[in-house]
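Here is the structure we will look at, set down as structure tokens.
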Protein chains: 4
Amino acid sequence: MKSLNIGLIGTGYMGKCHALAWNAVAAVFGDVPRPRLTVLAEASQDLAERKARELGFARATGDWRSLVADPEVDVVSITTPNAFHPDMAIAALEAGKHVWCEKPMATRLFDAERMLAAARASGRVAALGYNYIQNPVMRLIRRLLDEGQIGEVNHVRVEMDEDFMADPEELFYWKSEASSGHGALDDFAVHPLSLLWTLVGGVRRVCGHMAKPYADRPVQGGGRRAVETYDIATVLMELESGVSGLLAVNRSAWGRKGRIAVQIFGSKGTIVYDQERMNEVQLYTADGGKETQGFRTILASPHHPPYDKFIPAPGHGLGFNDLKVIECRELIRRIEGDAAHLITFEEGILIERTVDAMARSAHEGRWVEV
Amino acid sequence: MKSLNIGLIGTGYMGKCHALAWNAVAAVFGDVPRPRLTVLAEASQDLAERKARELGFARATGDWRSLVADPEVDVVSITTPNAFHPDMAIAALEAGKHVWCEKPMATRLFDAERMLAAARASGRVAALGYNYIQNPVMRLIRRLLDEGQIGEVNHVRVEMDEDFMADPEELFYWKSEASSGHGALDDFAVHPLSLLWTLVGGVRRVCGHMAKPYADRPVQGGGRRAVETYDIATVLMELESGVSGLLAVNRSAWGRKGRIAVQIFGSKGTIVYDQERMNEVQLYTADGGKETQGFRTILASPHHPPYDKFIPAPGHGLGFNDLKVIECRELIRRIEGDAAHLITFEEGILIERTVDAMARSAHEGRWVEV
Amino acid sequence: MKSLNIGLIGTGYMGKCHALAWNAVAAVFGDVPRPRLTVLAEASQDLAERKARELGFARATGDWRSLVADPEVDVVSITTPNAFHPDMAIAALEAGKHVWCEKPMATRLFDAERMLAAARASGRVAALGYNYIQNPVMRLIRRLLDEGQIGEVNHVRVEMDEDFMADPEELFYWKSEASSGHGALDDFAVHPLSLLWTLVGGVRRVCGHMAKPYADRPVQGGGRRAVETYDIATVLMELESGVSGLLAVNRSAWGRKGRIAVQIFGSKGTIVYDQERMNEVQLYTADGGKETQGFRTILASPHHPPYDKFIPAPGHGLGFNDLKVIECRELIRRIEGDAAHLITFEEGILIERTVDAMARSAHEGRWVEV
Amino acid sequence: MKSLNIGLIGTGYMGKCHALAWNAVAAVFGDVPRPRLTVLAEASQDLAERKARELGFARATGDWRSLVADPEVDVVSITTPNAFHPDMAIAALEAGKHVWCEKPMATRLFDAERMLAAARASGRVAALGYNYIQNPVMRLIRRLLDEGQIGEVNHVRVEMDEDFMADPEELFYWKSEASSGHGALDDFAVHPLSLLWTLVGGVRRVCGHMAKPYADRPVQGGGRRAVETYDIATVLMELESGVSGLLAVNRSAWGRKGRIAVQIFGSKGTIVYDQERMNEVQLYTADGGKETQGFRTILASPHHPPYDKFIPAPGHGLGFNDLKVIECRELIRRIEGDAAHLITFEEGILIERTVDAMARSAHEGRWVEV
């Protein structure tokens, strides 16, 4: 296995997260060559150079196209705002690079489809940054489902809530503009759908509703501007498997900080998870004496790989950034040609189409096939 | 205030609960004359006599019509299976009795409307047994909303889940027959709706979905029979206030025993409640320093009347049966002509209509006005 | 079985609780004759009469001695302040009555020993109001221990915390006077010890420490007075069984309302309980696959008798007052000559001696044998 | 600020944790030069070379003395078993290196004192790996205390429990030998004491008790061997401030995986923390209306620095390994001559002396001054 040369575009929230993952993956897993942090692109040469120093990249550029064209680069991490993903990902794939692009793929379904076409044409790995699926606890849930520990799944509920849009007096900014998309559906729904996708499969039909908690917001300099996006969405679903599902997302949910609440009901038990306590899973199984049945809280531990690669002791806790390190390891695995637990453009497009169907359904007030 | 003479029909789950409430209400509140437990009706004279002895009633009858006609009786508690409610309630009202009838009103909307008509014609108090609204913690929530502690409400989610239908190998019984109604909607939805009704008002439009977790169930003697009711239902709602709402009910939810989970989102905070921890409410308010904001767990206490009538110490906990004692006190208040916190047939019919609209919506696959 | 005639002395916190229990026990359990609420004693005739009306007693007296001497009375409930217990209990026993006395027995060990002597001499039932042991969940814990579900117990920790003395600016009152006893030890320790007693047995040796969170408190009219009691106590214990134990009590613990936190560690598992969530018990057992081990939350249910006598549905929750109804049933059982789950003066004296040893140990700064 | 050259001795649990921290610190904080991972020492040259490749170190050695003597090395990370700490730390300090040594300092107080003397003589930074104090949530607690949010602290309880010694049928190994120390006290107590030290100060007097849950354990090849160490310890404490304290540690506590439960009681409120939910702190303050008081759950967020250096979004969660990255940043700060939040040998020795006093107290059955 050769050492990969990495190019990183963007150094915001997710850019730093990618950089930390590329820095850590070899030391954590101990079975891959250390990636070479080759080149970093930012909006300007100055910023790029400063960030390259901080994040450990050898070279810097203010022009992402030069990074994408760089013959030394094997993999391109794309962590810019969503609107930039299509151009960057397509260019990188056309240049023969593997791509690790943050989710969602694009702001318009049309662009996501173009990205998928480019990935197929290139034959390269085109992976998406759905990090929540990498949680060892999420893998435990998948394993419990595969083993039939809760029997046949018959109902699923997923909620995702945060409160960064909860204050009605915060200034109007681009997230309230129609050009940014539908609102909470774009922002959030892809995450719960990525979990559903890996746990219980795809969605067949949806019936959605979207709501605006606040009609308008103040603008700098005075006055108020009408809000154009929907910070709340609720969706009835029928999954491919026929299972009944429910999705609720709210980015104006005071007090919720990183909640992704999953409830999976089966014929023999129930599984409950909340991302705000990402090192725990609740499992109820209908076996043993009735007087001792109850939801058990399972703490993440070395018995839930690859937790063991981070910490040999149970219950000590992984963090949000650790999930990206696991994702990075899976990406390398896929690049090596091995099976990997990863959402690529092939699966990602299904998530994007589902979100698109949800939004159409909400606008048209009726059930829509995905 | 004169002492009321009580007639009780039925001594099952709720019959006993009523009896305990009539036994306790004077001692708990100390401000009402002790009700006289006058006559109890059951299916047979023998059973009625045994139960009258146990529950402290002076007389017993195997014929509910004689109880309803009894000139001594002031109030009739109706706690029989739902299908019997209309005949009994109407007869009691026509005989000039006050009625305290368990919810829901009836198995068919048509009958519930007849009951309402009888109540209006009689001029008597016709109350329904929506005991969850009597929780002191629920009154606290109402007070917090009234005070604007979470600002303007903009989104509501309610779930109600139990697991008494969760075992697919339990024998087919009447709850799986179409004649019993729609399924979870009838059984459960009225409870969350009673909470919504008292906390945030009525429902304007709904779009529902119903699902059968199990296609069939074993029958005594062998073979299996197709299930005709829906143990799972999910509903999108628009409230009268314009607020976006979500309802999910599941009576095959392994591990859930008495869950009624309420989430109320507002412009300044959030309130969360779960009936399985009925002495707690979670409150998040967006004030004070950001570094110390968080959901606070408020334990029921004498500061939440009428908890103080039961226990002078905080955090010691009321139980499910105590809620019926509070309801009983409210009923007496209403009979005395005072304002009371109670769902009567006038409000109950709105809940029944809402459930009916939800079921129609699910069958027709479209939004329906209530 | 004949119907018992009840005399109640005191109508405060616990007096009302006794009255509610005597009112409810027959209806809840359905297998005992309804007790006759014969006579109630309070400090004055007026108050006694008002309370008798409220609580359903036939007669009233301002003189407890006449109640105790009343030939009609079979059982005397004693719910007055602790200092009055000895005289009342001894008089009642000498008059041939059964006694149901609130805990602790007395404010001085000497008096408690006198009470025990009177009980022995009388041959009557002399029971103490240790209601927490009556929780169906507590019986479940006892059953789990008996079944060896957590193996051999090897360590126990118990905490009891409330906050009614937490405010340093509340006026000095009798609980801060030395004449009231040691402080938190008297007030609280008997409760955890009653649980330990029924779950894991008695205490052999103790080493205690007591602390005053506040040196003085304001007095009415100005100035401050030195606090003489200890609101905090911590104790190392060796149980009769040789097991290592720990006790901590704090009546100035802000935010704790009715916390009695129990942790029982065994060779195969652990049991955790908190009175503030009195309908739950946490159980961890070291069996099954390591990847699914976790503390399970068992909700109180009809599988935990006598919960079923109150509610036929699981997870709906008993309240604090319900525990006294169970205790009342046990008392009647004992009066009938049957085995009962009850702490009588025989066992209660052991608890009092243990508390006494703890206080001595704290004063002397050394280990003391109980 | 120049880039530091790092030497790492040991690559077990904590060795890997140090390596990950040295790898990540520059990228996470963005304000320090990237450390150079210069040389790694392990038990053999082969192992050292393999680990150096994995963890990103330039050179490898099978001889820790050569690492300590290496003129290029600025800082030596010591992560070997505790018994090796004294020789390595003293040698490194004598060679003029800064030392970052895992806790506890040594297995014998005598050795710890020698280490302190060496640190003083060298004038170098000699820091200990008490990572739990680095949790942003722990800093929040400290800040809350400093601001007086819970008033004057008057009582503290700390528990630390894990279950790696809980199985009585696990083979006897060195942790049960007397030569390894006292048992849980050595293993665990230093952690809670490090938290107490930084939050509420040092300990003045102690009275301890130690217990063996299992008398013997099986040995390889058959038979059983008597256990010589104490897996359970409980300690009464008086802090320097006069505050009453309690410590309990148990390494045979089934179900506890990484529990460090802290309760700090004050005159205006209470703070509660559990390491198993390391991204949460519970705060109760006795202000505002009594009807809305309750423990609030504060989720770690960018408002709790340096959480913001890892993730810009609240509630997303740090992990155990992130704490070591923060510690690493503090160490660098101290090396630069700045104030830093760090337990050095100067403070560490106080913790070691306290543990020593606890063990003596337990053996002698009496209170002991630290």
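Values reported hereafter were calculated over all heavy atoms of this structure, with side chains retained and with hydrogens, waters and symmetry mates removed. Per chain, numbering begins at 1; letters A, B, ... match sequence-line order.
- In terms of heavy-atom pairs under 4.5 Å with chain C, the best-connected choice from B:Arg259, B:Met278, B:Arg277 is B:Arg277.
- Taking 4.5 Å as the limit, every side-chain heavy atom of C:Asp74 sits out of range of all side-chain heavy atoms of C:Ile6.
- In terms of non-hydrogen atom pairs under 4.5 Å with chain C, the most contact-rich of B:Gly258, B:Gly12, B:Pro312, B:Ala26 is B:Pro312.
- Between C:His316 and B:Phe320, the two ring planes are perpendicular [angle over 60°; tilted spans 30° to 60°].
- A donor atom on one side chain and an acceptor atom on the other are not found under 3.5 Å apart for C:Ser252 and C:Asp231.
- When heavy atoms are compared at a cutoff of 4.5 Å, B:Tyr132 approaches chain C solely by way of its side chain, counted from C-beta outward.
- Of the two parts of B:Leu55, the backbone and the side chain both hold a non-hydrogen atom closer than 4.5 Å to a non-hydrogen atom of chain C.
- The aromatic rings of B:His18 and B:Trp100 sit tilted, their planes meeting at an angle between 30° and 60°.
- Considering only heavy-atom pairs separated by less than 4.5 Å from chain B, the leading option among C:Gly255, C:Gly56, C:Ala24, C:Ala313 is C:Gly56.
- Contacts between B:Asn279 and chain C at a heavy-atom distance below 4.5 Å are absent for every atom of the residue.
- With hydrogens and angles disregarded, no donor-acceptor distance shorter than 3.5 Å links the side chain of B:Ser44 to the backbone of B:Gly62.
- Side-chain contact annotation: B:Glu102 with B:Thr79, donor-acceptor N/O pair under 3.5 Å absent.
- By number of non-hydrogen pairs under 4.5 angstrom with chain C, the leading residue of B:Ala27, B:Gly315, B:Cys17 is B:Ala27.
- Heavy atoms of C:Arg50 lying under 4.5 Å from chain B are absent altogether.
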